[in-house]
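What follows is a short report on a single structure.
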Amino acid sequence: MDLKTVELKPFRRIYLSFAALCTAMSGTAILCYLLGASLPGRTNLPFRSKDILLTLVVLAALGFYFYNQRQRKKLTGISDFEKKKEYYLVCYRYRFWLHVLSCFVSGILLLFTRLPLVLLFCGIDLLSMLLNYPTPATIRRDLNEEDILVH
């Protein structure tokens with residue numbers, strides 16, 4: 001019987017790189033917001049357009065959720081563990097690119113609309129990064145394999 005092992009080091013390296021990038025982007029946007037900076041044209045933006053932008057952010061979050069569900073379904077369909085591990089690493093990295101995009105859009109919206117609600121979105125983006133820290137339990141859950149050794 002082959003021993004199924006997963007090394008945490010590449011996952012942690014990916015996580016720390018993307019967490020630093022998202023923290024820098026969101027932190028910069030929040031700092032600019034607190035200092036009173038805004039993007040040009042924010043006063044000419046009708047209230048309805050702000051609602052449309054915020055709705056698009058929520059729809060993008062829903063799309064992100066359903067995309068993750070589809071990736072997990074594909075992952076469970078792979079029977080070879082080594083291929084499953086490689087595919088999971090690619091999905092894991094791609095998931096963080098979507099986090100970066102989300103942080104960027106939230107930061108731009110914060111400076112464009114100057115709404116405190118969007119400040120909450122920036123905070124949620126950072127919190128969601130924290131929740132994706134690679135632990136043995138999350139890797140076992142994502143790979144749907146309980147009998148693997150994660151080190």
Legend entry - For Leu111 against Ala37, the heavy-atom pair lying closest together: CD2-O, 3.8 Å
Legend entry - Side chain proximity check, Arg72 to Arg141, heavy atoms < 4.5 angstrom: yes
Inset, instruction - Give, for atom OG1 of Thr76 and atom CD of Glu145, the distance between the pair rounded to the nearest 0.5 Å. - result: 10.5 Å
Inset, instruction - Find out whether Asp147 and Lys4 are in side-chain contact, i.e. whether some heavy atom of one side chain is under 4.5 Å from a heavy atom of the other. - result: yes
Inset, instruction - State which residues pass side chain to side chain donor-acceptor pair (under 3.5 Å) with Tyr94; sequence neighbours excluded, sorted by chain then number. - result: none
Inset, instruction - Any pair with a residue in residues 86-97 that passes salt bridge (charged side-chain N to carboxylate O under 4.0 Å, His left out), sequence neighbours left out, goes on the list, sorted by first then second residue, please. - result: Arg95-Asp142
Inset, instruction - Would you mind reporting whether Phe112 and Val118 have side-chain heavy atoms less than 4.5 Å apart? - result: no
Inset, instruction - Is it possible for you to say whether Val100 and Val105 belong to one hydrophobic cluster, with membership spreading through side-chain heavy-atom contacts below 4.5 Å? - result: yes
Inset, instruction - Write out all pairs satisfying side chain to side chain donor-acceptor pair (under 3.5 Å) with one or both partners inside residues 96-112, taking only residues at least two apart or from two chains. - result: His99-Ser128, His99-Asn132, Ser102-Asp125, Ser106-Asp125
Legend entry - Where Met25 and Cys103 come nearest, the two heavy atoms and their spacing: CE-CB, 3.7 Å
Inset, instruction - Verify the neighbour count for atom CZ of Phe81: are there more than 12 heavy atoms of other residues, nucleotides or ligands below 6.0 Å? - result: yes
Inset, instruction - Determine whether Leu21 and Phe96 make a side-chain contact, defined as any pair of heavy atoms from C-beta on separated by less than 4.5 Å. - result: no
Legend entry - Hydrophobic cluster membership, Phe64 vs Phe18, 4.5 Å side-chain cutoff: no
Inset, instruction - State, to 0.1 Å, how close Ile148 and Ile139 come at their nearest heavy-atom pair, and which atoms those are. - result: CD1-CG2, 4.4 Å
Inset, instruction - Answer whether the closest heavy-atom distance between the side chains of Tyr92 and Pro134 falls below 4.5 Å. - result: yes
Inset, instruction - Quick one: pull up CG in Asn144 and CD1 in Ile78 and give me the separation to the nearest 0.5 Å. - result: 12.0 Å
Legend entry - Point-to-point distance, once rounded to the nearest 0.5 Å, from NZ of Lys84 to CG of Leu89: 15.0 Å
Legend entry - Pairs involving residues 116-151, ordered by first then second residue, that meet ring-ring contact (aromatic ring centres under 6.0 Å, His included) (sequence neighbours left out): Tyr15-Tyr133
Legend entry - Side chain to side chain, Leu143 and Val6, heavy atoms closer than 4.5 Å: yes
Legend entry - Linked, directly or transitively: Leu8 and Met129 (ILVMFWY side chains, under 4.5 Å): yes
Legend entry - Inter-residue atom distance Ile30.CD1 - Leu35.CG, 0.5 Å rounding: 12.0 Å
Legend entry - Check: Thr5 and Val150 side chains under 4.5 Å, non-hydrogen atoms: no
Inset, instruction - Spell out, yes or no, whether Leu110 and Leu120 are grouped together once hydrophobic residues are joined by side-chain heavy atoms under 4.5 Å, including indirect joins. - result: yes
Legend entry - Tyr88 to Thr138 - nearest heavy-atom pair and separation: OH-O, 4.4 Å
Inset, instruction - Write down the atom of Gly107, the atom of Ala29, and the distance for their closest heavy-atom approach. - result: CA-CB, 3.5 Å
Inset, instruction - Only pairs at least two apart or in different chains count here, so list each salt bridge (charged side-chain N to carboxylate O under 4.0 Å, His left out) that has a residue in residues 21-30. - result: none
Legend entry - Value rounded to 0.5 Å, distance of SG in Cys22 from CG in Leu130: 10.5 Å
Legend entry - Between CG on residue Asp80 and NZ on residue Lys85, distance to nearest 0.5 Å: 10.0 Å
Inset, instruction - Could you note down all residue pairs passing side chain to side chain donor-acceptor pair (under 3.5 Å) where residues 61-71 supplies at least one of them, sequence neighbours left out? - result: Tyr67-Gln71, Gln71-Tyr87
Inset, instruction - Is it possible for you to say whether Leu31 and Ile108 belong to one hydrophobic cluster, with membership spreading through side-chain heavy-atom contacts below 4.5 Å? - result: no
